Amino acid sequence: MSKSLTFGEIGVSIALIALAALSLLVAAKAYTPEYAFHAYLFAAASVGGVYAIVNRYGARAAQTPQTVDGKPNYNMGPVKFATIMSMFWGVAGFLVGLIVALQLAWPAFNFDLPWIQFGRLRPLHTSAVIFAFGGNALLATSFYVVQRTCHTRLAGDIAPWFVVLGYNFFIVIAGTGYLLGVTQGKEYAEPEWYSDLFLTVVWVVYFLVFLITVTKRKEPHIYVANWFYLAFIVTIAVLHLGNNATIPVSLFSPKSYIVWSGVQDAMFQWWYGHNAVGFFLTAGFLAMMYYFVPKRANRPVYSYRLSIIHFWTLIFLYIWAGPHHLHYTALPDWAQTLGMTFSVMLWMPSWGGMINGLMTLSGAWDKLRTDPVLRMLVVSVAFYGMSTFEGPLMSIKVVNSLSHYTDWTVGHVHSGALGWVGFVSFGAIYCLVPWLWNRPGLYSLKLVNWHFWVATLGIVLYITSMWVAGIMQGLMWRAYTALGFLEYSFIETVEAMHYFYVIRAMGGGLFVVGALIMVWNIYKTIVSSNVEAVPAGRSQLAAAE
């Protein structure tokens, strides 16, 4: 069969050539050197993309079969790439978080360098952990799960690679932008307009790849994990477009202005911010839970009917909860109360999902003793339940009056980010790597055990120190003398926080150590043809008892 360029190869190559030309024009006339630097990065990446397409064309077969010997010919290349990048960005993001924690305990750790000041590193840490680590974990698992549950090859040929490579290039642009001072200054939405436009293109392609894969499925039933992935993809697209509706100063300027103003801007920001948590950090990772917990436990989902109820109630209620971030602000009181009410109502679907995940282990609880990967997945579900109890509690106005703007919020966020998102991602990656690289098991389950306990201790130190510190902060800020004056100055509250910041840094350091243990374990699993020696007739899990 004669070989020819596919429509995707031709179309993407033309688009990348046009982008390279436009980027060089922008670089030549850019208002700032930082913007010119990003334009050059776009040009270099575009040229590299064209080269990769041409090189791949020379090496590939004339046509990629959809099936081999009657079985689906799964496309696992993009899944492998996103899995590796998730671990890379995870370690990078955790390290930046540790540096930030050390700066709060000992300010000298900023070394008087403008590029690593707290104000630049903090959004870098947030985005690296959420969007780089978590985002790549979502890309990897969604592309894997949708293929396996639909019994069909991933839609498109170049498109899946464009999604994973384009998304990681966006991460590079966003991260370097923070360090160079290019930012909108909006929580979870710091990248400027040109980064947002590029991400929009990548995300639309991601949506199309996922949706078309589902539509061409060989399995008539759509597994519940795919519903959660689809809700995550669609809702994040809507949130991204709404909160990043900006007008650039010029094609040659990195600066833009949001179309919303005043309290409307604040409302849009926290409609986006809370639902980024709700759909990026919750719905997407619940999809992981619904696939990897039953798969690892070798048990069916406890209640498929409950999973459907969980899905629809979560989707409907979460979208209204954003105003609870704006208690005691210029936002109308009815809107604040609406956000609080829907936040409290979220207890029901959230705990329904947690119970469904935990009860999936019915008849298999003994596996927690012998399988540290399953233990990590189950503990992540427990952290999900704890965080989704604490969140609605903190949305209640009287509680929020104490907790807001304090480190209690930081503790709450990290109980979800480290315990829920981190552990379920780690567990999913531990499952994925042997499957993707055709290994009989992980290099060492003992190292997984070490990772679990070191990271768990780190999380406990982190969140308990921030809980105590945050409540202490809130009480000190609202303490008055008999004459009606504030009892403590702001600097006194900062001084009182020092030891808690030290404990937090210790906890963060342990979490980083756990991640490094995982990286070594994953690396050895991939490069080693022989994993843990397992006696004949025994599984790796049984040998680990």
Side-chain angles (χ1 to χ4, degrees), residues 86-106 109 118 121-122 124-130 132-134 137 281 285 288 368 371-387 390 406-430 442 444-472 497-523:
S86 179
M87 287 309 306
F88 171 79
W89 290 120
V91 171
F94 303 150
L95 282 171
V96 174
L98 177 58
I99 294 170
V100 167
L102 290 170
Q103 287 182 354
L104 287 173
W106 298 284
F109 271 95
F118 178 87
L121 287 188
R122 188 266 174 185
L124 179 66
H125 161 65
T126 304
S127 294
V129 173
I130 296 175
F133 165 66
L281 296 177
F285 292 92
M288 285 190 208
L368 293 181
D371 185 2
V373 176
L374 183 60
R375 189 186 310 142
M376 188 169 276
L377 287 167
V378 170
V379 169
S380 78
V381 178
F383 271 109
Y384 170 67
M386 183 180 71
S387 298
E390 187 181 25
T406 73
D407 282 323
W408 184 358
T409 304
V410 178
H412 163 65
V413 167
H414 282 79
S415 68
L418 303 180
W420 160 234
V421 172
F423 270 18
V424 77
S425 299
F426 294 152
I429 292 171
Y430 277 132
L442 289 163
S444 172
L445 283 175
K446 290 181 180 178
L447 286 178
V448 179
N449 215 29
W450 272 99
H451 178 197
F452 173 80
W453 287 112
V454 169
T456 300
L457 178 59
I459 295 171
V460 170
L461 287 175
Y462 193 114
I463 62 178
T464 53
S465 65
M466 290 298 95
W467 282 338
V468 175
I471 294 171
M472 181 185 70
M497 298 291 293
H498 175 71
Y499 294 108
F500 299 103
Y501 284 160
V502 172
I503 296 171
R504 172 169 70 174
M506 291 170 55
L510 288 171
F511 198 81
V512 171
V513 170
L516 292 173
I517 293 172
M518 180 181 185
V519 168
W520 174 250
N521 200 2
I522 295 300
Y523 168 74

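Given the structure is predicted, the values throughout are model-derived calculations rather than measurements. Computed from heavy atoms alone, side chains included, the values below leave out hydrogens, waters and symmetry copies.
Side-chain contact check for Asp407 and Tyr501: at least one donor-acceptor pair (N or O, by modelled atom type) lies under 3.5 Å.
When every heavy atom of Tyr430 is checked against every heavy atom of His451, the shortest pair comes out as OH-ND1, 2.8 Å.
At least one side-chain heavy atom of Trp106 sits under 4.5 Å from a side-chain heavy atom of Val502.
Aromatic rings of Trp420 and Tyr384 (six-membered ring for Trp) have centroids within the 6.0 Å cut-off, being under it.
For Leu457, the side-chain contact (heavy atoms from CB on, under 4.5 Å) partners at least two apart in sequence or on another chain are Leu461, Leu510. Residues passing the ring pair (Phe, Tyr, Trp, His ring centres under 6.0 Å) test with Phe133 are Phe94, Phe426, sequence neighbours excluded. For Leu95, the side-chain contact (heavy atoms from CB on, under 4.5 Å) partners at least two apart in sequence or on another chain are Val91, Val512.
Listed for the His412 side chain is no donor-acceptor partner under 3.5 Å among the backbone atoms of Trp408. The backbone N or O of Leu124 sits nowhere less than 3.5 Å from a side-chain atom of Ser127 that would complete a donor-acceptor pair. Side-chain atoms of Ser380 come within 3.5 Å of backbone atoms of Leu377 as a donor-acceptor pair (strictly under, hydrogens ignored).
The distance from the OG1 atom of Thr464 to the CD1 atom of Ile503 is 7.0 Å, given to the nearest 0.5 Å.
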**From CA spacing to verdict: side chain to side chain contact (heavy atoms under 4.5 Å, CB included), Ile463, Met386** = CA-CA 12 Å; Ile463 62 178; Met386 183 180 71; 4.0 Å; yes
**Message:** Could you go through Arg375 and Asn449, starting from their C-alpha distance and side-chain angles, then the distance that decides it, and tell me whether this counts as side chain to side chain contact (heavy atoms under 4.5 Å, CB included)?
**Reply:** CA-CA 9 Å; Arg375 189 186 310 142; Asn449 215 29; 2.5 Å; yes
